[in-house]
Amino acid sequence: MALASSSRDDKAEKPEILPMCLAKNSFLKEFGGKDYATVNMTEKRYAPIVLKKRLKKLLKTSEPVEEYDQDGNTIILMGETGCGKSTQVPQIVHRYLKKKFPNTKRTCIAITEPRRLAALTLAARVNEEMKSTIEGIIAHSVRFDTNFFDRTRIHFLTEGILLQQIMADPFLLGYHVVIVDEAHERSIATDLILGHLRKLVYYRNKVAKMMERELFKLKVVIMTATGEASTLQSYFPGSKVLFIEGRTHPVKINYLSPSSQSDDYLSLTAATVMKLHNELPVDEHFLVFLTGQEEIEGVVKQLRATNHHFHVFVCPLYAALPKKAQENAFTIPPYGTRKIVVATNIAETSLTIPGIKVVIDSGFIKAKSYLSSHGLEAYQVQHISKSQAAQRAGRAGRECPGQVYRMYPKQHFDNFADFEEPEIKRSNLTQLHLMLPHFYKIDGSFKFMEDINPEIAVDAKLELEALDLINPLQDTKAMLTELGKRLSKFPIEPKLATVLYYATARGVLEQASSIISMMETENLFLPSNEDTRSLELQKFWAPEGDLITYLNIFTQFVKSKNSKVWCDKSRISFRAMTYAVRVRKQLIDLMKRFLEEVEVDYKPLHNQNINMTIIHCFGKTIHWQRATMDPTGKYYRIENVQKVKHSDRIKKNRIWEARVRENPGLWSLDAPPKKILHAKIHPSSTLAVARPSEIIFLKATLNEKNDLFLHHCSVYDETIANLRHSHNEITIF
DNA sequence: TGGGGATTT
């Protein structure tokens with residue numbers, strides 16, 4: 001790893017290669033600033049209580065800020081993947097803190113990772129490298145798994161965990177340095193964390209100066225792939241930029257010649273793989289990037305069926321594939337056999353496959369996008385970005401020089417976008433908007449690196465308002481209702497958290513938690529042919545639909561004493577079930593804590609049909625997700641969330657009308673209603689064949705062929721809709 | 001009649 005620094009105005013400066021020891025010093029100098037060697041060591045221990053008091057006082061009296069000047073306390077660290085920054089930088093910073101504050105009992109560094117696995121393995125590797133003998137000095141925290149202690153100095157955690165910590169303590173008093181790894185991936189969590197940190201660095205630095213306590217500063221390192229840094233730099237004014245020289249091997253890039261270009265990228269990719277297989281040395285293993293399961297299985301079948309000059313070991317690789325089958329891709333085949341891994345973008349960032357020397361890149365990806373015209377998420381095959389193409393190519397140069405064959409001409413590549421759209425621009429933002437008021441707490445404002453699409457924001461706010469979780473007449477910082485405040489702490493979609501709340505009032509918390517935790521699992525069923533699947537389902541199949549079927553599966557799994565044998569026999573994923581058990585426990589624990597806080601007792605009901613009560617909780621809470629079947633057999637929504645609130649507002653709230661008139665762009669009542677789409681029940685649903693005339697659904701997706709599919713469906717007829725409950729009212733106001 | 005990839009005190 002070698003480092004060179006660049007000033008703010010000179011973005012194009014070429015990295016200068018420095019030896020390792022100098023590189024570390026250079027980094028420390030940048031990090032510590034000029035006072036690095038001469039800092040006055042007066043404080044014996046970290047005093048967060050004093051700090052918190054002063055921060056609160058400062059924020060009470062401070063004027064609104066336009067620019068949060070980082071004053072050199074934020075470093076943007078650019079380096080290629082594989083340059084070792086994720087393991088080295090935390091150690092360098094740790095040594096810096098130890099040297100700078102030798103008398104301080106405890107300093108702590110947080111390093112955020114977008115993925116659980118990365119947080120776990122990096123913590124383990126750094127622990128090994130530092131040969132730490134005291135347990136817990138280097139720790140990890142991911143959902144359901146932490147080994148964090150008070151004595152922890154280096155803390156690897158997932159972004160989601162840090163978000164929770166920010167909501168609990170916006171000043172992050174437990175940390176001296178926060179390192180944000182993989183910032184270029186721009187997950188929603190990254191965007192929230194960066195937006196919070198740029199303010200926090202500013203205020204902590206200000207208080208540290210006022211109190212003349214260097215230790216009270218918060219320093220931030222943002223680690224990102226090489227590329228455009230100017231967006232980050234202008235978002236963090238006064239930050240420093242460092243480059244790290246990569247230690248990856250060169251990758252030769254081969255473009256498709258314009259004459260052989262074709263619209264059928266799939267056949268082109270398959271043909272190229274076969275051609276290269278017969279030409280290249282047999283010990284050069286292949287990694288092929290395609291878009292989805294169906295494509296991959298098709299190409300795998302084709303490759304296996306063809307007679308080749310060399311032996312070939314073909315491995316599909318995608319998330320829905322059971323762990324056992326995924327492991328094939330990581331084995332090294334016997335000499336004389338070529339490994340060909342055919343993968344989705346799971347191999348782009350999440351998994352690193354050993355032995356790859358040749359990458360074949362189709363140039364396409366299946367990505368989620370948000371259609372605000374319909375208020376739903378869709379999966380679409382799209383061109384990759386230039387940075388994704390570079391990432392894919394890089395997979396060929398991890399162990400030795402390699403090459404990439406791009407299934408598109410250079411001219412096409414030049415037209416690709418530089419970067420993929422950040423997740424915040426292509427997702428439903430309901431959960432984000434329930435969290436957002438917490439991020440306004442510090443000084444009453446929050447600005448994202450790139451503004452949220454206002455149409456997506458309106459959809460999210462309408463849903464939250466319909467759930468009574470926000471009051472949009474208030475400013476963002478005061479927007480949450482009492483219920484919204486409580487439910488914002490739940491690690492599930494707001495509408496599901498609300499269902500859980502009403503389920504509690506009706507005495508079916510445990511059942512609703514089981515169902516919701518089952519919906520949180522991905523790939524519940526192991527692959528099997530359709531006939532087997534429908535046979536196996538008989539044991540769990542409930543006439544009411546998917547929700548009660550999930551409940552039956554969960555109940556029988558618990559009855560089997562959480563048995564893996566039972567899962568295998570039932571063609572259900574043991575991993576998914578184990579996960580569901582933990583999620584369910586977490587949800588029930590959270591809700592019980594919530595109930596303790598509001599001092600309400602809840603009692604299970606014993607009189608009526610419990611399944612109908614459960615379904616009623618879902619249907620009454622999310623009533624805009626009811627659908628009826630028309631004579632052609634397709635479903636359409638009975639009402640939509642906009643229409644419902646429209647009439648409510650007119651009736652209930654005169655102020656609302658005035659506000660809408662002031663802000664026609666954002667909240668216009670005259671906005672055209674969502675175009676009505678006709679939907680089908682997704683074939684994975686237990687109701688796909690029965691097709692009852694009235695249903696509720698919990699999720700809708702649009703596929704490539706413009707089919708709108710309804711998922712997690714349940715019968716919801718008049719009998720259920722009109723159920724009357726003698727339930728316990730929970731009042732929290 | 002069909003599911004890109006992550007993640008949550």
Side-chain angles (χ1 to χ4, degrees), chain A residues 112-119 141-146 148 157-169 174 182 185-190 192-193 289-297 317-321 343-351 362 364-369 377-382 384 388 391 420 423 426-427 431-432 434-435 438 488-494 496-497 517 520-525 527 530 533-534 579 582-583 586-587 589-590 593 633 679-691 699 701-705 707-712:
Chain A
T112 68
E113 296 292 333
R115 282 169 290 280
R116 291 170 61 92
L117 192 65
S141 291
V142 301
R143 191 184 195 181
F144 306 130
D145 185 3
T146 177
F148 179 83
L157 32 73
T158 50
E159 293 175 335
I161 302 262
L162 188 72
L163 283 184
Q164 296 294 335
Q165 294 186 348
I166 290 171
M167 285 196 281
D169 167 25
E182 312 280 17
E185 288 189 20
R186 294 292 304 278
S187 68
I188 293 174
T190 313
L192 273 169
I193 288 170
F289 282 103
L290 290 174
T291 69
Q293 177 178 346
E294 197 182 346
E295 272 182 16
I296 288 170
E297 290 298 349
L317 186 62
Y318 46 87
L321 204 64
T344 59
N345 52 328
I346 193 171
E348 208 174 278
T349 47
S350 309
L351 302 176
S362 65
F364 285 94
I365 188 172
K366 196 178 281 183
K368 188 177 74 182
S369 55
E377 292 177 333
Y379 293 101
Q380 289 166 328
V381 172
Q382 309 165 4
I384 57 173
Q388 280 175 310
Q391 176 74 17
E420 54 271 39
E423 201 185 4
R426 48 187 183 87
S427 305
Q431 212 172 344
L432 175 112
L434 196 57
M435 287 165 67
H438 294 283
S488 67
K489 304 286 166 70
F490 276 70
I492 48 175
E493 272 184 84
L496 295 181
S517 64
E520 291 293 304
T521 66
E522 297 286 317
N523 310 314
L524 178 61
F525 294 103
E530 293 310 306
R533 159 94 55 99
S534 53
Y579 184 73
R582 303 174 98 170
V583 172
Q586 189 185 25
L587 294 179
D589 287 350
L590 275 166
R593 204 184 308 160
K680 296 175 213 162
I681 294 178
H682 192 273
S684 66
S685 168
T686 56
L687 293 180
V689 179
R691 291 200 289 180
K699 197 175 131 185
T701 56
L702 198 67
N703 75 358
E704 202 63 18
K705 291 170 229 153
D707 298 315
L708 179 60
F709 284 112
L710 308 179
H711 305 252
H712 306 314

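Scope of the values below: all heavy atoms of this structure, side chains included, with no hydrogens, waters or symmetry mates. Chain letters run A, B, ... following the sequence lines, proteins first, then strands; residues in each count from 1.
- If you measure from atom CG of A:L162 to atom C1' of B:dT7, you get 13 Å, rounded to the nearest angstrom.
- At the heavy-atom level, A:K680 lies nowhere under 4.0 Å from the strands shown.
- Computed from coordinates, the A:E159 CD to B:dG5 C1' distance equals 14 Å when rounded to whole Å.
- Of the side-chain N and O atoms in A:Q586, one or more sit less than 4.0 angstrom from OP1 or OP2 of B:dT9.
- The interatomic distance linking A:I365 (CD1) with B:dA6 (C1') rounds to 12 Å, in whole Å.
- A:L163 places its CG atom 12 Å from the C1' atom of B:dT9, with the value rounded to the nearest Å.
- Note on A:T158: a side-chain N or O is less than 4.0 Å away from OP1 or OP2 of B:dT8.
- In the set B:dG5, B:dG2, B:dT8, the nucleotide with an atom closest to the side chain of A:S684 is B:dG2.
- Atom P of nucleotide B:dT7 and atom CD of A:E522 are separated by 11 Å, given to the nearest angstrom.
- The residue A:E294 sits apart from the nucleic acid: no heavy atom pair falls under 4.0 Å.
- Across all strands, A:A688 comes closer than 4.0 Å to no nucleic acid atom at all (heavy-atom distances).
- Taking 4.0 angstrom as the limit, A:R116 places a side-chain polar atom (N or O) nearer than this to OP1 or OP2 of B:dT8.
- With a 6.0 Å radius and a threshold of 12 heavy atoms from other residues, nucleotides or ligands, A:R691 has its CZ atom at or below the threshold.
- Atom NE2 of A:H682 sits about 10.5 Å away from atom NZ of A:K680, to the nearest 0.5 Å.
- Taking atom CZ of residue A:F525 and atom C1' of nucleotide B:dG2, one finds them 14 Å apart after rounding to whole Å.
- Counting any heavy atom pair closer than 4.0 Å across all strands shown, A:Q431 reaches a base atom.
- Nearest nucleotide to the A:R115 side chain, out of B:dT9, B:dG5, B:dA6: B:dA6.
- Note on A:Y318: only backbone sugar-phosphate atoms sit closer than 4.0 angstrom, heavy atoms only; bases stay farther off.
- Using a 4.0 Å heavy-atom distance criterion, A:V142 is classed as a sugar-phosphate-only contact.
- Across all strands shown, A:S187 has no heavy atoms under 4.0 Å from either base or sugar-phosphate atoms.
- For A:Q382 against B:dG4, no side-chain N or O and base N or O form a donor-acceptor pair under 3.5 Å.
- When each of B:dG5, B:dT7, B:dG2 is scored by its nearest atom to the side-chain atoms of A:T344, the top-ranked nucleotide is B:dG5.
- At whole-Å resolution of the value, CD in A:E377 and P in B:dA6 are 16 Å apart.
- Put simply, the side chain of A:S362 gets close to the backbone of A:F289: a donor and an acceptor are under 3.5 Å apart.
- Listed nucleotides: B:dA6, B:dG2, B:dG4. Nearest to the side chain of A:Y379: B:dG4.
- Note: A:I346 CD1 to A:L351 CG = 4.5 Å, rounded to the nearest 0.5 Å.
- Among the atoms of the strands shown, only primed sugar atoms or phosphate atoms (P, OP1, OP2) are found under 4.0 Å from some heavy atom of A:I346.
- When each of B:dG2, B:dT9, B:dG4 is scored by its nearest atom to the side-chain atoms of A:F709, the top-ranked nucleotide is B:dG2.
- Nucleotide B:dT8 holds its P atom 6 Å from the OH atom of A:Y579, rounded to whole Å.
- For the side chain to side chain donor-acceptor pair (under 3.5 Å) with A:S187, the lone residue among A:R115, A:E182, A:E159 that qualifies is A:E159.
- Looking at residues two or more places apart in sequence or on another chain, you find no ring pair (Phe, Tyr, Trp, His ring centres under 6.0 Å) involving A:H438.
- Counting non-hydrogen atoms under 4.0 angstrom, A:N703 reaches the backbone sugars and phosphates but no base.
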